[in-house]
Amino acid sequence: MKRRVAILISGRGSNMAAIARACLDGSINAGVNVVISDRPGVPGLTTARDLGIETRIVPWQSARGRQAFERALGEALEALRPDVIALAGFMRILSAPFVERYAGRMLNIHPSLLPKYRGLHTHRCALAAADLEHGASVHFVTAELDAGPVVLQSRVAVLPQDTEADLSARVQATEHIIYPKVIGWLASGRLGWREGGVWLDGRPLETPMREDFRANVAT
Ligand code: GRF
């Protein structure tokens, strides 16, 4: 039976679309059952609907706080029984108890070579540090922000004339390749997080897998 994937977004949803397309074209043996956004009216919701995916809005209301938000989000997820939950540009920080409920089933993509540059403005940080390479990381979600075990990273070159937008676009093109790949591994049971460590194809993954896109400077 096809594994069920839920994707949480807050904005454009280009990673969500890449995952959904990989499911639709059969490169991943899974289906995206729902796309949930904490913000109404974002472009990712329209993209999801155009792809024929059910969408839900679980609005963040600061007056009601995180507990109420997580209760509503938890109810939406329970009803859909996802095997995999993919955070894809989802801009809310989830509490430890919430994240722990989905340990080993929840993935995130972060635009840096973690553990470098957790949090926001990663491309700006890489440029300010004059890094020669940068990239994105797909990791299991833990209570600590952007600190869960990393499964796969993409490496891209940083070019001398790069603006933040150039670098962001180059990294994003690779996100759309590595994120569906890791979701496919998790959905097919090749990847797991157990006994305190990440396992891929029956072996412990001591260091993150890396895919090198540095020769690919056109993107
Ligand atoms: C991506 O760059 C991802 O790494 C970060 O948020 C961005 C989301 O972009 N977590 P999109 O909504 O998938 O287009």
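It should be emphasised that the depicted structure is a prediction, and the values quoted were computed from it without experimental measurement. Order of listing sets the numbers, starting from 1, for every ligand and every atom in it.
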(request) May I ask you to check whether over 12 heavy atoms, not counting those of Arg194, lie within 6.0 Å of atom CZ? (result) yes
(request) From atom 4 (O) of ligand 1, work out which of His123, His176, Glu175, Met91 has a heavy atom at the shortest distance. (result) Glu175
(message) For atom 11 (P) of ligand 1, which of the options Ala169, Ser14, Ala17, Ser10 provides the nearest non-hydrogen atom?
(response) Ser14
Does any N or O atom in [X] lie less than 3.5 angstrom from one in ligand 1, N or O only?
X: Arg12; value: yes
X: Gly13; value: yes
X: His110; value: no

(request) Give me the ring orientation class for Phe90 and Phe69: parallel if the planes are under 30° apart, tilted from 30 to 60°, perpendicular past 60°. (result) parallel
(message) List ligand 1 atoms under 4.0 Å from Pro111, heavy atoms only on the residue side.
(response) 4 (O), 5 (C)
(request) Indicate yes or no: at least one non-hydrogen side-chain atom of Leu107 is less than 4.5 angstrom from one of Leu186. (result) yes
(request) Measure the distance from atom 6 (O) of ligand 1 to every protein heavy atom, then report the residue, atom name and distance (to 0.1 Å) of the closest one. (result) Gly89 CA, 3.5 Å
(message) For atom 9 (O) of ligand 1, what's the nearest protein heavy-atom neighbour? Residue, atom name and distance, please.
(response) Gln172 NE2, 3.1 Å
(message) Please determine whether any non-hydrogen atom of Ile109 lies less than 4.0 Å from an atom of ligand 1.
(response) yes
(message) Can you tell me which residue among Arg3, Lys2, Arg4 is in a side-chain hydrogen bond (donor to acceptor under 3.5 Å, both in side chains) with Asp83?
(response) Arg3
(request) Using side-chain hydrogen bond (donor to acceptor under 3.5 Å, both in side chains) as the criterion, point out the one residue from Lys116, Arg214, His123 that pairs with His134. (result) His123
(message) We want to know whether Ser154 and Glu211 form a side-chain donor-acceptor pair, criterion being a heavy-atom distance below 3.5 angstrom.
(response) no
(message) With no hydrogens and no angle check, just 3.5 Å: does a side-chain donor-acceptor pair link Ser14 and His176?
(response) yes
